[in-house]
Each structure stands twice: as structure tokens, then as C-alpha cells.
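Contents: one structure, followed by commentary.
Keep in mind the model is a prediction, meaning the values are calculated, not measured. Numbers for residues simply follow the sequence, beginning at 1.
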Amino acid sequence: MPTTTPTRLWVPRRVLVTRSAAERPHTATVLERCAAAGVTDVEFLPADRITGLRVTGPDGETDQRATYARAKSTLAVVVSPPSQRRLQPIPPSADWRLDLAQGCPAHCQYCYLAGSLGGPPVTRVYADLDDVLGAMDEHVGRGGVTSTSAARGHEGTTFEASCYTDPLGIEHVTGSLSAAITHVGTHAFAGPVQLRATTKFGAVEPLLDLPHHGRTRIRASVNAAGVAGRFEGGTDSVPVRLAGLGALARAGYPVGVTIAPIMPRGDWRAEYGALLDAAAHELAGVPGLDLTVECITHRFTPSSKDVLEGWYPRTQLEMDPDERSRKRGKFGSVKYVYPAATMGELRSWFTEALETRIPAARPLYWT
């Protein structure tokens, strides 16, 4: 049987604390957790600007690979910018985006954050956690994805905590996810509320006994063996993620499977079929199982392609615009998705496979 023990826990090599963050109570929690994890390099910055991440080469230019490595090994404790405390809609996942942190220590070669976050990919944890969570109240009942949906209205007003981070991947050094789950589980909101988080890690033990009261849905982000093994560096293995999901379900959490990014590589039908069978096996027999599934196909933007090829110059990830369909967003942004025929084939196969292999799962969306 797979274990819920993670294959790895990320420990930052150094921690940077901005001036404003140093005054916040949650910062003390973060620093205590980092000390317990063995972090000794902690620097209190004289201002609120994060410095010292860029590495300059002999030619005076920024060494992109060295800068990437330094940023990925750094945790910055900061106060969230005002723009992120003004919650934004995040369809099709949830009514509102609730950022506990920004950045991720993993090394996924298709990283969704590439091109959308500026500067070196440092992980920032927000010290003003009370303010972040306090912003939820005024948004209850006002969403446009679940709270006003006939199909998903029973979920209440939904808040997505993993748009720009993997909150479980950094939980052992932040405590932010546990605090958010406890707040949502015990706070008196004006209406039904659900916190949502997705993860590629399996260290769920600190969450199992929290007073979640069924108000937090945690989803395991999983993929076919050929995709996960080749492109998802610095994460837990898929069996460990599924084992963690099973432990959460048995602890009464609503859970989910996020299959992303779906890629039709090699014998993809057999590999994704095996993935669905493994998920069904892990969750079999869970009393009162509340299980959803979200399917997200691989896509990229011109800017994310440039960033990812700089981070991972030898990647074998397919990002050929000539092999894709060009899709424009409502503000003119461009993304490259699979051609209609490929998308149709994928969607048809997954629809049938989910119904037959993991019928307990309630599909939320396909994109």
C-alpha cells in the first residue's frame, strides 16, 4: 500500500523578511517553522523590496539559470500587495481567488506560473494572513462561478487558495493552509462557503485533525506516469499524492482529482486509464465520499514559452505554436491549445473513462 509520507519536503536555503512583514504575528509562526526545519539563513530586509535574488555573470548580464536556482531555494515573507487583497474571480475553478502565497518550490516544466508572475520565481508567503482571510466575508454570496450556479450552488461561495502556489507544498514552513482551513471551518460566515486547494504533494498529516467541518475541498493534481515522471520535478510521486488524498477523504474532507495538464503523449489512453484506476482504488470504500474531477489540457502562452525555455533549456515539452490552435482571451491575450480534433478526442475519451473507471467522481469542468 502507498504511504502518505512525502518523498520530499522543501526546505528553503534562506528566508528573507521584508520590513513590513517583520511586524506581523504570522511571521513569527513562519520563522518558528523554518527554524524547526533547519533553516539558519534568515535575513531581515531594511525595506519592503525583495533584493539579492539576481545572479550576474562575468559579462555583467543576469545569469538566468543561477538566478532561477537561487530564487527557487528562497522563501520570502512579505505583506500581500493591495491588489491581491481585492479578490478576483477565478473561473472555472471558483468564485474568488484567495492568495495565501505566491510562487512554488516545485520544478514543473510546464509551470502555469511562468509568464504570469514577474521577476525571479521566489516563493512569497503572506505575513498579513489575518487580513487576507478577513477579506472573505464581504464576498460571500457574490460569486459568479458556484454561488449563483444551479449545478454547483451547493458548494456555496468558493475561494481558491492555490492559483499562484501549492499551499501544501510549503505548509510545513508556513502554516498558512492550516490556518485558512481552521478559519473557514469555524468562522460564522453569512452563507455557505468552501475553501479550495490543489496540490502535488502528500504531506497531509497536519491537516487531518483540523476543524474543517467539510468546508475545505483539497484536490490532488495528478497526471499520467509519462508526464509526471518527466515534467514534474520536485514534487511527490502520484501514488503518494493519491494516498494523501485518500487520507483526507477518510478524515471527512471533500476531495477532488485535478488531471492537469492532460497531454496526448505515447500510449496516453493506457496511462490515463491506469491513473483513474489508481484513484478509484485509493478512494474505494470511503464512507460519504464527496469527490470531484477537473480536467485541464496543456496550453501555453508566448511569454510562458519563453520563460520556460529559459528555465528548462533541455526540456522535451512540446510547445510548438504550429502544432496548436491559437486562442484569444477576452482582453486580447493569446494562448496555444490543442487543435479541435485533438481536444474532441481527448474529451470524448475522458468522459467515457471517468464514467466507467471512477463513477463516484463528479466532473466540474473541462478546459
Side-chain angles (χ1 to χ4, degrees), residues 1-9 93 106-110 112 162 166-169 196-205 207-208 216-298 317 345-367:
M1 292 292 292
T3 175
T4 59
T5 302
T7 55
R8 55 180 62 83
L9 284 175
S93 173
H107 302 274
C108 297
Q109 294 177 32
Y110 53 74
Y112 290 121
S162 46
D166 186 315
L168 185 60
R196 290 166 52 81
T198 188
T199 184
K200 290 186 174 73
F201 293 88
V204 301
E205 288 82 359
L207 311 183
L208 299 181
T216 294
R217 183 182 301 277
I218 299 182
R219 300 103 75 208
S221 178
V222 294
N223 219 314
V227 176
R230 180 173 294 275
F231 299 121
E232 295 181 353
T235 66
D236 280 340
S237 69
V238 170
V240 167
R241 300 177 214 172
L242 289 176
L245 193 71
L248 289 165
R250 290 186 287 275
Y253 279 86
V255 295
V257 175
T258 303
I259 309 172
I262 295 170
M263 300 183 194
R265 291 171 47 91
D267 193 359
W268 61 268
R269 296 173 185 82
E271 289 199 5
Y272 282 111
L275 171 66
L276 298 182
D277 290 344
H281 177 76
E282 178 60 49
L283 297 168
V286 174
L289 177 66
D290 183 346
L291 174 66
T292 61
V293 62
E294 296 152 77
C295 296
I296 305 170
T297 56
H298 179 245
L317 181 66
E345 183 181 9
L346 287 169
R347 186 167 190 172
S348 176
W349 184 89
F350 272 93
T351 299
E352 181 178 355
L354 285 165
E355 290 176 351
T356 57
R357 294 175 184 265
I358 187 168
R362 175 168 55 92
L364 293 187
Y365 57 84
W366 169 277
T367 186

Non-hydrogen side-chain atoms of [X] and [Y] separated by less than 4.5 Å:
X      : Y      : value
Glu232 : Ser221 : no
His281 : Leu242 : no
Leu248 : Leu208 : yes
Val227 : His298 : no
Met263 : Leu317 : yes

request  = Report the distance from atom CG of Leu291 to atom CG of Leu283, rounding to the nearest 0.5 Å.
outcome  =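 If we round to the nearest 0.5 Å, Leu291:CG and Leu283:CG are 5.5 Å apart.
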ask   = Does the pair Val257 and Leu275 meet the rule for a side-chain contact (heavy atoms from CB on, under 4.5 Å), with working shown?
value = CA-CA 10 Å; Val257 175; Leu275 171 66; 5.9 Å; no
key: Candidate pair Arg347 and Thr297, rule side-chain hydrogen bond (donor to acceptor under 3.5 Å, both in side chains), full reasoning   = CA-CA 9 Å; Arg347 186 167 190 172; Thr297 56; over 6 Å; no
remark   = Thr216 meets the side-chain hydrogen bond (donor to acceptor under 3.5 Å, both in side chains) criterion, sequence neighbours left out, with none
Closest heavy-atom contact between [X] and [Y]?
X      : Y      : answer
Ala203 : Leu168 : O-CD1, 3.4 Å
Ile262 : Tyr272 : CA-OH, 3.3 Å
Arg217 : Gly256 : CG-N, 4.3 Å
Ala279 : Ile358 : CB-CD1, 3.9 Å
Tyr110 : Ala260 : OH-O, 4.0 Å
Leu346 : Pro264 : CD2-CB, 4.0 Å

request  = For Gln109, enumerate each residue passing the side-chain contact (heavy atoms from CB on, under 4.5 Å) test, keeping only those at least two apart in sequence or located in another chain.
outcome  = Phe231, Tyr312, Thr315
task = Write out all pairs satisfying ring pair (Phe, Tyr, Trp, His ring centres under 6.0 Å) with one or both partners inside residues 235-269, taking only residues at least two apart or from two chains.
result =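 Those involving residues 235-269 are His212-Tyr253, Trp268-Trp349.
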task = Indicate yes or no for a side-chain donor-acceptor contact from Arg219 to the backbone of Ala197 under 3.5 Å, with no hydrogens or angles considered.
result = yes
ask   = Any salt bridge (Lys or Arg N to Asp or Glu O under 4.0 Å) pairs touching residues 255-276, not counting sequence neighbours?
value =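 Qualifying pairs: Arg269-Glu345.
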note = Here the salt bridge (Lys or Arg N to Asp or Glu O under 4.0 Å) pairs for residues 349-358, sequence neighbours left out, are Asp277-Arg357
Distance-only donor-acceptor hits, side chain of residues 360-367, under 3.5 Å, sequence neighbours excluded:
{"from": "Arg362", "atom 1": "NH2", "to": "His154", "atom 2": "NE2", "distance (Å)": "3.3"}
{"from": "Tyr365", "atom 1": "OH", "to": "Glu294", "atom 2": "OE1", "distance (Å)": "2.7"}

ask   = Just one of Thr199, Asp236, Thr235 clears the side-chain hydrogen bond (donor to acceptor under 3.5 Å, both in side chains) bar with Arg241, so which one?
value =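 So the option named by the test is Thr235.
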